[in-house]
Amino acid sequence: MGIALAGLVLAGRLLRLHARPPAAARPERGTRAGPQHRLQRPRNHGQHRWQPPRYRCDYGTPASARQPASARPDDDRQAAGRSVDLRAVEAERTEQEQQRRQKLERLRSQGTEPYLSRFDRTHSSAEALALFVEVEKEKGAEARTEPVALAGRLVASRVMGKATFAHIQDFAGRIQLHVKVDKLGEPKYQQFVDLDLGDIIGVRGSLFRTRRGEVTCEVEDFVLLAKALRPLPEKYHGLKDVEVRHRQRYLDLIANPEVRDVFVTRARIVEETRAFLRARGFIEVETPVLQPIAGGAAARPSITHHNALDIDLYMRIALELYLKRLIVGGFERVFEIGRIFRNEGIDRWHSPEYTMLELYQAYTDWEGMLELTEALVAHLVQRIKGSTSFSYQGESIDARRPFARLEMVDAASQASGRDLLKAEVPELRRLLAERQIEARPGLGWGGLVNELFEELVQDRLVQPTFVTGHPVEVSPLARRRSDDPRLTDRFELFIAGTEIANAFSEINDPLDQRARFEDQARARASGAEETHPMDEDFLTALEHGFPPTGGMGLGIDRLTALLTDQPTLRDVIAFPHMRARHAEP
RNA sequence: GGGGGUGUAGCUCAGUGGUAGAGCACCUGCCUUUUAAGCAGGGUGUCGAGAGUUCGAUCCUCUCCGCCCCUACCA
């Protein structure tokens with residue numbers, strides 16, 4: 001062990017890495033006791049040592065089925081069967097996994113710790129390539145740089161006897177390594193050859209350009225930082241299986257570098273949005289995710305339970321009602337970018353949890369929101385795409401201002417060949433029926449007009465288009481139009497046939513708001529499935545005085561899908577929800 | 001929810017009523033500027049799960065499960 005340790009320390013000095021000695025040499029840190037000590041409260045506070053959380057998560061377990069863990073009848077059986085299970089697990093491992101585990105054991109028995117704690121690299125792959133190009137300018141084609149330290153995942157290896165070419169991959173890209181036995185010496189060279197694809201290593205060496213022209217690190221020393229126990233997906237075709245790409249996104253990210261770009265762009269979109277809003281005087285806030293009433297939209301919520309309060313809570317379906325409470329409290333420009341949850345269907349444009357931007361600005365109205373939304377979207381397109389237009393799934397999208405505008409009722413009237421402002425409910429139902437569209441029960445004039453719009457117009461709105469003047473019936477939180485009480489001061493922004501943003505002049509008449517909630521309750525009673533719930537606490541806030549306010553919501557995931565040219569929302573959500581896989585039916 | 005497609009080696013995919021193949025990966029050997037390295041040898045698999053038909057099923061039938069697409073609901 002002593003010799004092995006010395007070798008490791010030597011390697012550590014060479015590479016300036018901070019390798020921890022093997023576990024056996026540092027008993028004080030080799031167990032879980034270390035981290036737990038840090039969680040302990042000071043001794044003079046009595047017996048308050050760290051303990052596991054008292055309440056286990058029994059979410060979803062019927063009360064009748066709950067019992068102490070020790071009382072569960074199958075616990076003993078599981079404990080007794082453990083060794084058998086482990087053998088079964090071992091037998092189920094693939095040959096490659098077994099080989100890698102054996103290799104791991106061999107390394108440990110030789111005194112090499114295959115999982116180190118730190119490696120100080122000097123350059124990323126991209127920085128190293130740039131460095132070489134700079135040096136090459138001065139010294140010409142035969143240039144060699146000073147040694148650099150690089151780290152990454154081994155993704156390709158071409159062993160050619162006494163020399164090996166390999167590639168490591170880091171966040172910035174890939175870089176080639178050249179490993180020669182006469183640089184490393186026989187034992188160390190053999191260790192390199194024994195590495196597996198997927199292992200994470202650190203290397204040190206100078207940079208040069210090969211005959212074929214690739215900038216390459218001539219490895220003088222290397223260290224294994226983390227052994228991979230499972231093989232990588234195929235190097236040429238990448239990982240194609242959509243199910244695996246989603247369930248094991250990390251493999252997708254390793255094997256398909258363009259996937260990383262999507263999530264980097266997603267982060268940039270959020271950052272640009274924040275910067276844009278901050279520059280306009282908006283303050284970012286956070287409001288409850290768990291809510292006693294799931295309001296701000298008409299959607300089915302997910303439900304959860306809080307043990308200490310012993311109340312059921314809903315996962316929020318919108319940010320709206322709490323942000324408005326902040327406006328009541330005197331905030332004049334607020335926004336939140338947060339996850340919301342809707343317990344509904346999943347398809348290419350719908351996800352059970354998604355990220356919404358909502359913002360509220362006092363003393364402005366829907367037209368102020370329209371200006372802001374148009375400016376924000378045009379700004380994001382410019383910043384992300386570097387242009388005023390972009391391509392989405394083969395369709396060219398022109399995001400130059402001003403975006404098109406369309407009155408919802410006008411558009412639906414034109415598409416249906418009838419002036420819907422003058423049409424009555426039976427005629428609207430007939431228009432829908434003629435087109436084999438089944439109108440949901442309980443819909444009135446506004447709901448049916450909205451239905452006609454969605455069926456006949458929405459899909460055709462490929463270019464950015466503001467649709468204005470939604471019916472009151474489908475807008476329980478939007479201010480009524482002064483010149484037509486059936487409509488509201490509202491707009492939605494459509495791009496590529498999908499709704500991206502939704503905004504309106506907020507209701508600041510608490511009595512009107514109460515009446516709207518009551519309308520919603522009536523709609524529910526006559527069969528509408530999703531209606532806005534009554535929220536007395538919110539009404540109380542409005543009754544204290546709510547300034548004229550414009551509000552807007554924007555779907556970050558959908559916008560990201562557009563700006564990254566991804567066909568579905570799943571492609572811009574790192575870990576999309578999927579059904580659990582069952583071994584047995 | 002309804003319709004269609006799909007599931008075969010670690011990955012990408014062929015294929016057949018007589019228990020299975022290719023490329024990459026992997027294992028053995030050779031190879032010191034290669035790059036989808038190459039050459040020689042090796043198949044490592046509950047053919048998604050269960051039942052049925054059959055002498056025999058990965059293939060045919062039924063049921064179930066996952067995933068994808070369309071459709072319905074929601075944004």
Side-chain angles (χ1 to χ4, degrees), chain A residues 91-100 102-103 155-167 174-184 189 196-198 208-216 218 228-248 251 254-256 296-301 317-318 340-356 436-438 440 451 454-455 458 474 492-494 498-502 528-530 553-559 567-570 576 578-585:
Chain A
E92 271 179 27
R93 271 199 258 280
T94 67
E95 189 184 36
Q96 293 191 41
E97 286 168 0
Q98 291 180 31
Q99 285 164 356
R100 284 172 184 241
Q102 286 160 10
K103 218 175 255 188
V155 291
S157 180
R158 298 176 288 283
V159 180
M160 296 181 303
K162 297 190 169 54
T164 294
F165 283 97
H167 275 93
R174 288 183 175 199
I175 189 165
Q176 180 166 261
L177 309 177
H178 189 212
V179 190
K180 295 195 291 188
V181 68
D182 48 14
K183 277 269 182 193
L184 281 184
Y189 177 75
D196 289 308
L197 296 188
F208 73 108
R209 196 183 280 281
T210 64
R211 278 179 206 156
R212 299 290 183 90
E214 181 160 353
V215 177
T216 300
E218 189 80 75
L229 296 179
R230 293 170 185 265
L232 242 32
E234 208 240 8
K235 64 180 176 185
Y236 185 62
H237 297 92
L239 181 65
K240 288 197 170 167
D241 187 318
V242 176
E243 187 174 349
V244 177
R245 288 184 51 209
H246 290 159
R247 287 189 193 273
Q248 295 179 277
L251 292 179
I254 293 167
N256 304 318
R300 269 151 57 198
I317 57 171
I340 67 176
F341 308 84
R342 296 196 178 177
N343 204 344
E344 285 159 358
I346 302 174
D347 63 32
R348 59 181 297 219
W349 291 115
H350 295 88
S351 167
E353 61 178 296
Y354 63 105
T355 300
M356 182 99 120
Q436 272 77 49
I437 301 164
E438 200 181 330
R440 279 166 291 147
E451 197 79 8
E454 287 180 356
E455 292 291 340
Q458 180 174 326
V474 296
E492 289 179 303
L493 173 62
F494 290 90
T498 197
E499 183 196 337
I500 297 299
N502 176 27
E529 282 183 8
E530 277 146 25
L554 184 149
I556 295 289
D557 310 77
R558 285 184 176 183
L559 188 63
T568 82
L569 235 47
R570 270 191 306 267
M578 298 200 131
R579 272 195 183 79
R581 296 205 83 161
H582 300 291
E584 298 293 325

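Residue numbering restarts at 1 for every chain, and letters A, B, ... go by the order of the sequence lines. Keep in mind the model is a prediction, meaning the values are calculated, not measured.
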Measure the distance from [atom1] on [X] to [atom2] on [N] and round it to the nearest whole Å.
X	N	atom1	atom2	answer
Glu214(A)	A36(B)	CD	C1'	13 Å
Arg245(A)	C67(B)	CZ	C1'	13 Å
Asn256(A)	C11(B)	CG	P	14 Å

If you check the [X] side chain, which of [options] turns out closest?
X	options	value
Thr210(A)	A75(B), C27(B), U35(B)	U35(B)
Asp347(A)	U32(B), U35(B), C73(B)	C73(B)
Val181(A)	U32(B), C67(B), U35(B)	U32(B)
Leu197(A)	U12(B), A75(B), C26(B)	C26(B)
Gln176(A)	U35(B), C27(B), U32(B)	U35(B)
Glu234(A)	C11(B), U35(B), C13(B)	C11(B)
Arg348(A)	U12(B), C70(B), C67(B)	C70(B)
Leu239(A)	U12(B), U35(B), C69(B)	U12(B)
His246(A)	C68(B), C74(B), U33(B)	C68(B)
Met578(A)	G66(B), C68(B), C11(B)	C68(B)

So, does [X] use its side chain to make a donor-acceptor pair with the main chain of [Y] at under 3.5 Å?
X	Y	answer
Asp557(A)	Thr355(A)	yes
Arg558(A)	Trp349(A)	yes
Gln248(A)	Leu251(A)	no
Asp196(A)	Leu229(A)	no

Given [N], is OP1 or OP2 found less than 4.0 Å from the side-chain N or O atoms of [X]?
X	N	result
Arg100(A)	C26(B)	no
Arg247(A)	C67(B)	yes
Arg342(A)	C74(B)	no
Arg558(A)	C74(B)	no
Arg300(A)	C74(B)	no
Lys103(A)	C27(B)	yes
Arg212(A)	U34(B)	yes
Arg579(A)	G66(B)	yes

Going from [atom1] on [X] to [atom2] on [Y], what distance comes out if it is rounded to the nearest 0.5 angstrom?
X	Y	atom1	atom2	value
Gln96(A)	Lys103(A)	CD	NZ	10.0 Å
Phe341(A)	Ile317(A)	CZ	CD1	12.0 Å
Glu492(A)	Ile500(A)	CD	CD1	11.0 Å

Any N or O donor-acceptor pair under 3.5 Å from the base of [N] to the side chain of [X]?
X	N	value
Asn343(A)	C74(B)	no
Asp241(A)	U12(B)	no
Arg211(A)	U33(B)	no
His237(A)	C11(B)	no

Could you please name the partner base of [N], counting Watson-Crick and G-U wobble pairs only when both distances are under 3.5 Å?
N	answer
G43(B)	none
U63(B)	A49(B)
U54(B)	none
U19(B)	none
C24(B)	G10(B)

Residue list, ring pair (Phe, Tyr, Trp, His ring centres under 6.0 Å) with Phe165(A), at least two apart or on another chain =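 For Phe165(A), the residues satisfying ring pair (Phe, Tyr, Trp, His ring centres under 6.0 Å) (neighbours in sequence not counted) are His178(A).
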
Do we see Trp349(A) stacking on the base of A75(B), given a limit of 5.5 Å between centres and 30° between planes?
->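 Stacking between Trp349(A) and A75(B): absent.
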
For Arg230(A), does the CZ atom sit with more than 12 other heavy atoms under 6.0 Å from it, leaving out its own atoms?
->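 Incorrect, the count does not exceed 12.
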
With RNA chain B as reference, determine whether Glu218(A) or His350(A) sits nearer its 5' end, using the nearest nucleotide of each.
->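 So the residue in question is Glu218(A).
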
Restricting both atoms to N or O, compile the protein contacts to nucleotides 41-45 of chain B shorter than 3.5 Å, with distance only.
from, atom 1, to, atom 2, distance (Å)
U44(B), O4', Glu95(A), OE1, 3.4
U44(B), N1, Glu95(A), OE1, 3.4
U44(B), O2, Glu95(A), OE1, 3.3

When the C1' atoms of U8(B) and A49(B) are considered, how many whole Å apart are they?
->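 That atom pair is separated by 15 Å.
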
Same-atom distance (P) from G45(B) to G10(B), integer angstrom |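 Result for the P pair: 7 Å, nearest Å.
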
Would U6(B) be called syn or anti, given that syn covers angles within 90° of 0?
->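 With its glycosidic angle more than 90° from zero, U6(B) counts as anti.
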
